[in-house]
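As structure tokens, the structure follows; a few thoughts come after it.
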Amino acid sequence: MKVRQFRKLPVIVHEVLKAIGVVAGQLGYSAYLVGGIVRDIIIGTENLDLDIAIEGDAIRFARIFAARTGSVVRNPTRFGTCKIESKAFGTIDLASTRTEIYPHPGALPLVQPADIKADLGRRDFTINAMAICLNPHSYGLLVDPFGGHEDISKQLLRVLHEKSFTDDPTRILRGIRFAARYGFKFERGTARYLSDCLKGGCLKTISGERIFHEIELICRERQVASALAMLARKGILDALDGDARKENLAKYLRKVSIGIQRLRPCLDEREVEAWVIWFGALFAGLSSRRMQRVISHLRPPGRAKRLLLWLASDCKRLLRVLRQSHKDSYKTTRILNKVPMEGLVHLYSLSGTSERKAVLKYACYWRHVRPSLSGEDIVRLGVSQGPMVGKILERLTKLRLMGRIRSRKDEIETIRELLKGRRN
Ligand code: ATP
């Protein structure tokens with residue numbers, strides 16, 4: 001069967017794919033487009049990540065193709081994978097078709113050369129186990145040995161065999177990501193294998209880092225809230241000892257979503273990473289001890305770790321402080337200056353209406369308030385150089401935040417009065 005939607009790919013992409021098919025044919029190989037792009041072509045979602053499987057020696061193919069097209073081969077491995085990079089068409093992932101054998105559950109697989117059908121047979125879901133042939137005589141023909149096309153039309157996620165999740169439990173997290181992204185459901189048998197696998201403790205067979213990586217990908221999805229809610233429903237948070245909110249998680253995720261919407265216009269993308277906020281939402285409310293366990297298991301890096309630590313150690317206390325201080329713009333600013341930016345969204349989501357207003361004002365306005373005079377200006381006005389200059393800058397910031405002064409003129413006036421007071 002030809003894939004109708006395949007024709008809709010940009011002309012430049014077809015040119016590259018045809019060239020790949022021609023070179024493969026000349027070498028006596030078959031070349032296929034595989035993986036997520038085939039699924040997305042059929043679903044009708046944009047995806048230009050070119051993932052090519054070669055029935056043959058992919059590294060040899062890549063070297064010859066690169067020499068003919070002026071591109072470069074990168075990262076060749078002994079498993080027959082590499083990348084081709086070119087200014088004209090970007091990066092293409094290449095691999096020799098292969099099978100994978102899992103020596104024990106959760107282990108990394110042993111790899112052996114095989115044909116395209118066997119290669120598709122090692123994949124996670126039927127919708128990801130299709131290929132489109134690129135050789136000239138069969139260009140555009142769909143190879144679909146497991147019924148992925150039909151499962152897309154039924155909006156189902158189906159594994160290829162009952163041991164799939166046990167072999168590689170990261171597939172559970174991948175499945176949840178795809179289910180949320182496309183609004184698909186797990187097919188009945190697949191849902192049963194998934195819950196049996198979790199009940200048997202299969203997540204324990206893979207490293208926390210791999211689990212973290214998959215959760216990060218989920219947190220980067222557009223439909224993140226429904227994916228995270230599903231993560232909790234399926235008992236994955238429990239398995240990670242992270243479920244502090246139980247059935248309330250969905251409600252909290254809605255609040256976080258509103259928090260992100262409200263605060264986003266005032267936060268610079270360079271200072272906040274939305275996926276980190278969502279990651280924190282999964283674990284907000286955990287005690288310090290449980291949070292430490294989650295951190296040492298998942299080993300989240302940088303900002304994600306900082307947010308988890310802050311959520312466990314400071315968030316509750318700050319909510320109490322904010323309740324007392326939210327009317328005082330200066331005090332609130334000093335308090336919130338110490339909060340990680342991603343934490344602001346959590347404070348917003350967990351606060352009452354008045355405190356929320358203060359958090360919003362802080363994010364949009366208060367945190368940017370600075371005196372218009374510089375330290376040098378202050379020295380020029382007669383203040384001697386030293387710690388006093390810093391104190392005056394802080395005082396001017398405070399007065400501005402309190403609305404007691406508004407202009408540069410007011411600032412100069414304040415300093416003059418201060419100096420007069422000292423002389424007298
Ligand atoms: P995305 O659109 O999120 O990038 P993708 O399906 O392209 O999704 P990749 O991680 O790039 O995801 O994987 C490419 C292909 O490799 C998948 O479509 C699937 O066929 C196969 N694959 C990836 N991870 C696994 C896994 N853990 N088990 C089996 N097959 C996998």
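Salt bridge status for Arg270 with Asp268: present, with a side-chain N to carboxylate O gap under 4.0 Å. A salt bridge links Glu394 with Arg334; the closest basic N to acidic carboxylate O contact falls under 4.0 Å. Under a 4.0 Å N-O distance rule, the pair Arg171/Asp124 does not qualify as a salt bridge. Ion pair Glu411/Arg395 not flagged as a salt bridge, since none of the NZ, NE, NH1 or NH2 atoms sits closer than 4.0 Å to an Asp/Glu carboxylate oxygen. We find that Arg210 and Asp168 are joined by a salt bridge, their nearest charged nitrogen and carboxylate oxygen being less than 4.0 Å apart. A salt bridge between Arg220 and Glu216 is present, with a side-chain N of the basic residue lying under 4.0 Å from a carboxylate O of the acidic one.
Panel note: side chain Glu214, backbone Leu173; no donor-acceptor pair is recorded below 3.5 Å. Looking only at distances, no side-chain donor or acceptor of Asp51 sits under 3.5 Å from a matching main-chain atom of Ile92. At distances below 3.5 Å, at least one donor-acceptor pair connects side-chain atoms of Ser96 with backbone N or O atoms of Gly56. Side-chain atoms of Thr333 come within 3.5 Å of backbone atoms of Ser329 as a donor-acceptor pair (strictly under, hydrogens ignored). Distance alone, capped at 3.5 Å, places no donor-acceptor pair between the His346 side chain and the Gly280 backbone. No side-chain donor-acceptor contact under 3.5 Å links Ser351 to the backbone of Glu355. Remark: the backbone N or O of Lys251 is not paired with any side-chain donor or acceptor of Asn248 at under 3.5 angstrom.
With sequence neighbours excluded, the residues satisfying salt bridge (charged side-chain N to carboxylate O under 4.0 Å, His left out) with Arg408 are Asp377. Looking at residues two or more places apart in sequence or on another chain, you find a salt bridge (charged side-chain N to carboxylate O under 4.0 Å, His left out) between Glu342 and Arg303. The disulfide (SG to SG under 2.5 Å) check on Cys197 picks up Cys202, with sequence neighbours excluded.
The two residues Ser349 and Gly259 make their nearest non-hydrogen contact at OG-CA, 4.4 Å. The two atoms that bring Leu263 and Val359 nearest to each other are CD2-O, 4.3 Å, heavy atoms only. Here the closest heavy-atom approach between residue Ala227 and residue Ile218 is recorded as CB-CG2, 3.6 Å. Nearest heavy-atom pair across Ala131 and Tyr32 is CB-CB, 3.9 Å. Contact between Cys315 and Leu347 at its shortest, heavy atoms only, is O-CD2, 4.2 Å. The shortest heavy-atom contact between Ile236 and Ile176 is CD1-CD1, 3.3 Å.
Side-chain contact between Leu237 and Leu282: present, with at least one pair of heavy atoms (C-beta onward) separated by less than 4.5 Å. When side chains are defined from C-beta on, Trp366 counts as touching Lys361, because their heavy atoms get closer than 4.5 Å. Using a 4.5 Å heavy-atom threshold, the side chains of Ile41 and Val38 count as separate.
Contacts classified as side chain to side chain donor-acceptor pair (under 3.5 Å) and involving residues 34-49 (residues at least two apart or in different chains) are given here: Arg39-Asn128, Arg39-Tyr182, Asp40-Asn47, Asp40-Tyr182. Screening residues 63-81 for salt bridge (Lys or Arg N to Asp or Glu O under 4.0 Å), with sequence neighbours left out, gives Arg74-Glu85.
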Take Ser195 and Lys234 through the side chain to side chain contact (heavy atoms under 4.5 Å, CB included) test and state the conclusion after the steps.
-> CA-CA 7 Å; Ser195 74; Lys234 296 274 178 206; over 6 Å; no
How far apart are the C-alpha atoms of Thr190 and Glu162, what are their side-chain angles, what is the distance that settles it, and do they pass the side chain to side chain contact (heavy atoms under 4.5 Å, CB included) test?
-> CA-CA 8 Å; Thr190 301; Glu162 77 184 273; over 6 Å; no
Phe89 and Leu50: CA distance, side-chain angles, deciding distance, side chain to side chain contact (heavy atoms under 4.5 Å, CB included) verdict = CA-CA 10 Å; Phe89 50 74; Leu50 299 186; 5.7 Å; no
After noting the C-alpha distance and the side-chain angles of Lys305 and Ile295, does the key distance pass the side chain to side chain contact (heavy atoms under 4.5 Å, CB included) rule?
-> CA-CA 7 Å; Lys305 178 175 174 183; Ile295 291 174; 4.1 Å; yes
Stepwise salt bridge (charged side-chain N to carboxylate O under 4.0 Å, His left out) check, Lys185 with Glu187 | CA-CA 6 Å; Lys185 289 205 160 48; Glu187 170 273 335; over 6 Å; no
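Leu134 CG to Ser30 OG: the interatomic distance, rounded to the nearest 0.5 Å, is 9.5 Å.
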Determine all donor-acceptor pairs shorter than 3.5 Å in which one atom belongs to a side chain in residues 138-152; sequence neighbours excluded.
unit_1	atom_1	unit_2	atom_2	d
Tyr139	OH	His14	ND1	2.8
Asp144	OD1	Gly147	N	3.2
Asp144	OD1	Gly148	N	2.7
Asp144	OD2	Gly148	N	3.4
Asp144	OD2	His149	N	3.1
Glu150	OE2	Lys154	NZ	2.9
Asp151	OD1	Arg158	NE	3.3
Asp151	OD1	Arg158	NH2	3.0
Asp151	OD2	Thr126	OG1	2.7
Asp151	OD2	Arg158	NE	2.9

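Relative ring orientation between Phe178 and Phe125 is described as perpendicular, the plane-to-plane angle rising above 60° on a 0-90° scale split at 30° and 60°. Note: Phe212 and Phe279 have perpendicular aromatic rings, judged against thresholds of 30 and 60 degrees for the angle between ring planes.
By the neighbour-count criterion of 12 heavy atoms within 6.0 Å, atom NZ of Lys357 is sparsely surrounded, having that number or fewer from other residues, nucleotides or ligands. In Glu271, the CD atom is crowded: over 12 heavy atoms of neighbouring residues, nucleotides or ligands sit closer than 6.0 Å. Other residues, nucleotides and ligands contribute only 12 or fewer heavy atoms inside 6.0 Å of the NE2 atom of His137.
His326 and Tyr362 share no side-chain donor-acceptor pair at under 3.5 Å.
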